[in-house]
S.K.: 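One structure, pasted below without further comment.
Per chain, numbering begins at 1; letters A, B, ... match sequence-line order.
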4 protein chains.
Amino acid sequence: MGRKKGPKYDAIIDAAVVVFAQNGYHNSKVSKIAQEAGVADGTIYLYFKNKEDILISMFEEKMSIFVDRIQHEISHVESIEKKLEIMVEMHFTQLELDPDLAIVTQLELRQSNTNMRYKVNEVLKGYLGLIDGLLEEGMKQGLFDPGLNIRIARQIIFGAVDEVATNWVMKERKYALTPLASDISDMLIKGLSLKSQPELKGKG
Amino acid sequence: MGRKKGPKYDAIIDAAVVVFAQNGYHNSKVSKIAQEAGVADGTIYLYFKNKEDILISMFEEKMSIFVDRIQHEISHVESIEKKLEIMVEMHFTQLELDPDLAIVTQLELRQSNTNMRYKVNEVLKGYLGLIDGLLEEGMKQGLFDPGLNIRIARQIIFGAVDEVATNWVMKERKYALTPLASDISDMLIKGLSLKSQPELKGKG
Amino acid sequence: MGRKKGPKYDAIIDAAVVVFAQNGYHNSKVSKIAQEAGVADGTIYLYFKNKEDILISMFEEKMSIFVDRIQHEISHVESIEKKLEIMVEMHFTQLELDPDLAIVTQLELRQSNTNMRYKVNEVLKGYLGLIDGLLEEGMKQGLFDPGLNIRIARQIIFGAVDEVATNWVMKERKYALTPLASDISDMLIKGLSLKSQPELKGKG
Amino acid sequence: MGRKKGPKYDAIIDAAVVVFAQNGYHNSKVSKIAQEAGVADGTIYLYFKNKEDILISMFEEKMSIFVDRIQHEISHVESIEKKLEIMVEMHFTQLELDPDLAIVTQLELRQSNTNMRYKVNEVLKGYLGLIDGLLEEGMKQGLFDPGLNIRIARQIIFGAVDEVATNWVMKERKYALTPLASDISDMLIKGLSLKSQPELKGKG
DNA sequence: TATGAATGAGGGTTCATTCAT
DNA sequence: TATGAATGAACCCTCATTCAT
């Protein structure tokens, strides 16, 4: 972490996660983030262009770790099915381990203006690339339908996983999220597959 | 439409769709909506509690039509697979027919504060109820996996469809959305199904 | 009452007393007065020029009764001392009998703009004329200091009585006001009197 | 002055006196005060909670000086009569020396809402305490009636002086105010005194 | 780098008043 | 007279950002 420099950069990012999660993006004052980070208001602007940039940067920082971890975990795995399952599992686990980040990612991040949505997508590319890799490999292996529209399939996978995560946050994380992963990846695999796979079940 | 009263209510709603789509929720001034609707600023507040209420009400108005239309269309259809396909198709078609509404629904609506997200979900219940109905019927008919977690399945369906729609809006509607419906519903059906369905493919 | 016309005029005046007393002048909406009076908002403007005019008219209406009653009571009395005592007593009694009017008179009336203060003084002239009459008569009778500056003396009397009344209202009318009248009028009479003051320096 | 901090605090207070005097409280825009003080609008809110707080703070600042000066002057004086005379004189002189403050004190301050009236009274306590001190001392010395109700007597004194001052402001300060002080204090002393009043019928 | 006092643009909302009916 | 829906001017305050130190 800390692509740019100094411990203050990280402190501000971490403070922003907490403050955004607590108050939402629009209700979070920059001065509150500064306070939480233990720096002066003006210092924020030595590290970030503006308030939006804090959100973007935070997302970039956290997302790159997020993606790196997933990539690392699935790199050891052979089967496509298992790779997808672990991907979803890791996605959920990481959200469960950082509730503040989960709130920001699933809810607050979408409160920024439309223009920012595009930047968020930019950041998401690393993650979406992972999915694309899975799909291509699956098609090559003859596991998935050769006629698969990768872009659409990727959107379906991401949309499904993201929606489940969002609902979990909106239900105030009252239930465990990670255990849902295998069911979801099973359904997705089935949906993408060429034919019948009798017994996909189980996180086994 | 016009649950409340008068042509001005509708005029304001319609103006809001246009203005929100153009500028985003946070950048839309109430006075601009008034201007677009051809009423005085103060008139807005005879029909709506505040700016947020315009957004919510707009969503309620439009969403109830949206759901009613889908419900009407699928009521004539027997097969579950076809029902889902038509649901997705209608979902997409309606967004394509009202690009401003599509922008607001897929992007701007999510910019409101967290608290509003909950209200949006309230409004979505009608739509989600349709999905649940489909799922229950499908399970009863032995088409879907009897172990299906309906809540999760519903989230996957909605998440997938919603994400595809959002991507289409963010790509500035450069391609046709409706034709994607059958592929998507096919995948979803396959994912939800109990076992092998040799030839699920499409309207083709 | 009802110098102008119709029962609605009176209804509006009476409603205004209640509403102004409850919320203060600036926090009282014209529509609330209309509601309380059982008329439409627009009807108010058939009887009153504007919101301020309601306050002024109310004060005129009520004040003329106020002054008439005092005048009537003191007309039967011979002694100047007694006249002043009864004047103060009546002043207090009438406020005690109409707590809403007391609040409006002592507090809310002063919340209007400066320009209105002048109009209020116009209305007060009837009352101040009574005081002047007392003073002139007292001087003629040799009771009061012949060097008395009537204007100042009148201000002292009115100021004293008014301040006691205002304090009583601000103390939320927790004590009886009328019993204070005789002490006050005694002091005032003493202060105005010719009699011995061993060594009153000053302009002598 | 400047209980809080910086020259801007004082500048804003002084600007407020001028602006409130010119336009009245309700017609004074905060931005006008900022302009007059030579600061940005937002700066006001670094020093004051809101518009009302400016008025209150202004009154507190000015009133404490006001009271301190009177206290200082009368501390050198022996006789009660003289003390009261000087108190009234100082009261008037200070108003004459700061006409803008006089307008605000006598007229605009009373335009605020009822709730604020209570705060104003809080601020006035210093001044009223001076009067109480005088009264107690006068009673101890046997100069004033031992049966004096101090609270009422204080209200009479303050009410009389205040009313004379208010009239002077409303008459646009066309005449000299200070010269009236000795007559007024004479009357008040006489009114409060023990001495003979042949036949003052009490409430008894 | 770091500070934090100062800036000033920006807009949702109220409500007295009007006027077509 | 009476209505009450419609008007639209008016303004306090917030807070992201700057900049002198």
Side-chain angles (χ1 to χ4, degrees), chain A residues 5-9 12 25-35 37-54, chain B residues 5-9 11-12 26-35 37-54, chain C residues 5-9 12 25-35 37-54, chain D residues 5-9 11-12 26-35 37-54:
Chain A
K5 57 192 144 214
K8 301 216 168 159
Y9 177 83
I12 293 165
Y25 177 73
H26 284 294
N27 282 321
S28 293
K29 303 176 207 172
V30 171
S31 65
K32 178 73 184 168
I33 297 172
Q35 188 192 45
V39 303
D41 291 15
T43 304
I44 299 264
Y45 292 87
L46 297 176
Y47 294 93
F48 302 91
K49 198 155 52 69
N50 51 36
K51 185 180 175 183
E52 190 175 301
D53 187 36
I54 304 174
Chain B
K5 62 191 141 214
K8 304 223 164 149
Y9 178 83
I12 294 165
H26 284 294
N27 281 321
S28 294
K29 301 180 221 170
V30 171
S31 64
K32 180 72 183 165
I33 298 173
Q35 190 190 44
V39 302
D41 290 17
T43 304
I44 300 267
Y45 293 88
L46 296 177
Y47 294 94
F48 302 92
K49 199 153 52 65
N50 51 35
K51 186 181 174 184
E52 188 176 304
D53 188 35
I54 304 174
Chain C
K5 58 193 140 211
K8 302 216 167 158
Y9 177 83
I12 294 165
Y25 176 74
H26 284 294
N27 282 321
S28 293
K29 303 177 207 170
V30 170
S31 64
K32 179 72 183 167
I33 297 173
Q35 188 192 46
V39 303
D41 291 16
T43 305
I44 300 264
Y45 292 87
L46 298 176
Y47 294 95
F48 302 91
K49 197 154 54 71
N50 52 35
K51 185 180 174 183
E52 189 175 302
D53 188 36
I54 304 173
Chain D
K5 60 192 143 218
K8 303 223 164 148
Y9 178 83
I12 293 165
H26 285 293
N27 282 321
S28 294
K29 300 180 224 171
V30 171
S31 65
K32 179 72 185 168
I33 297 174
Q35 188 191 46
V39 301
D41 291 16
T43 304
I44 300 266
Y45 294 87
L46 297 177
Y47 294 95
F48 302 91
K49 201 155 48 67
N50 51 35
K51 186 181 174 185
E52 188 176 304
D53 189 35
I54 304 174

S.K.: Give the rounded distance in Å between these two atoms: CZ of F48(C) and P of dA2(F).
M.R.: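 Taking CZ of F48(C) and P of dA2(F), I get 12 Å after rounding.
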S.K.: Can you work out whether S28(A) or S28(D) has the more 5'-proximal nearest nucleotide on DNA chain F?
M.R.: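 So the residue in question is S28(D).
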S.K.: Report the base-pairing partner of dA16(E) (Watson-Crick or G-U wobble, both distances below 3.5 angstrom), or none.
M.R.: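 dA16(E) is paired, partner dT7(F).
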S.K.: When the nearest nucleotide of DNA chain E is assigned to G42(D) and to V30(C) on a heavy-atom basis, which residue is associated with the more 5' position?
M.R.: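 Nearer the 5' end of the strand: G42(D).
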S.K.: Using a cut-off of less than 4.0 Å, is there contact between a side-chain N or O of K8(B) and OP1 or OP2 of dA6(F)?
M.R.: yes
S.K.: Of all the heavy-atom pairs spanning I12(B) and A37(B), show the shortest one and how long it is.
M.R.: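 Where I12(B) meets A37(B) most closely, the heavy atoms are CA-CB, 3.9 Å.
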S.K.: For Y47(A) and D53(A), work out which heavy atoms get closest and say how close.
M.R.: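 Nearest pair, atom of Y47(A) first, then D53(A): O-OD2, 4.5 Å.
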S.K.: Which residue, A40(C) or G38(B), contacts DNA chain F at a nucleotide closer to its 5' end, judged by nearest heavy atom?
M.R.: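 This one resolves to A40(C).
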S.K.: I12(B) CD1 to dA5(F) P: how many Å, rounded?
M.R.: 14 Å
S.K.: Identify the two heavy atoms, one from K51(C) and one from H26(C), that lie closest to each other, and give their separation to 0.1 Å.
M.R.: NZ-O, 3.9 Å
S.K.: Measure CD/E52(B) against C1'/dT13(E) and give the value in whole Å, please.
M.R.: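 Spelled out: CD on E52(B) to C1' on dT13(E) is 15 Å.
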S.K.: Which nucleotide, if any, forms a Watson-Crick or G-U wobble pair with dT21(F), using both distances under 3.5 Å?
M.R.: dA2(E)
S.K.: Can you tell which of dC12(F), dT7(F), dA16(E) lies closest to the side chain of K29(D)?
M.R.: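 Nearest to the side-chain atoms of K29(D), counting from C-beta on, is dC12(F).
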S.K.: Please state how far atom CD1 in I54(A) lies from atom C1' in dA16(F), giving the value in whole angstrom units.
M.R.: 10 Å
S.K.: Which is more 5' along DNA chain E, the nucleotide nearest S31(C) or the one nearest K51(B)? Just name the residue.
M.R.: K51(B)
S.K.: Whole angstroms only, please: what is the CG-P distance between D41(D) and dC15(F)?
M.R.: 16 Å
S.K.: Closest to the L46(A) side chain: dT3(E), dA5(E), dT17(F)?
M.R.: dT3(E)
S.K.: To the nearest 0.5 Å, what is the distance between CG on D41(D) and NZ on K29(D)?
M.R.: 11.0 Å
S.K.: I need the CD1-P distance between I44(C) and dT1(F), as an integer number of Å.
M.R.: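 Rounded to the whole Å, the gap is 15 Å.
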S.K.: Parallel, tilted or perpendicular for F48(B) and Y9(B), by the 30°/60° rule?
M.R.: parallel
S.K.: Could you tell me how far apart K32(A) (NZ) and dA16(F) (P) are, to the nearest whole angstrom?
M.R.: 13 Å
S.K.: Is there a side-chain contact between Y45(A) and the phosphate of dA2(E), meaning an N or O under 4.0 Å from OP1 or OP2?
M.R.: no
S.K.: In whole angstrom, give the distance that lies between atom NZ of K49(C) and atom P of dT17(E).
M.R.: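 Value for this atom pair: 9 Å.
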S.K.: Taking the side chain of T43(C) as its heavy atoms from C-beta onward, which of dA2(F), dT17(E), dA5(F) lies nearest to it?
M.R.: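 The listed nucleotide nearest to T43(C)'s side chain is dA2(F).
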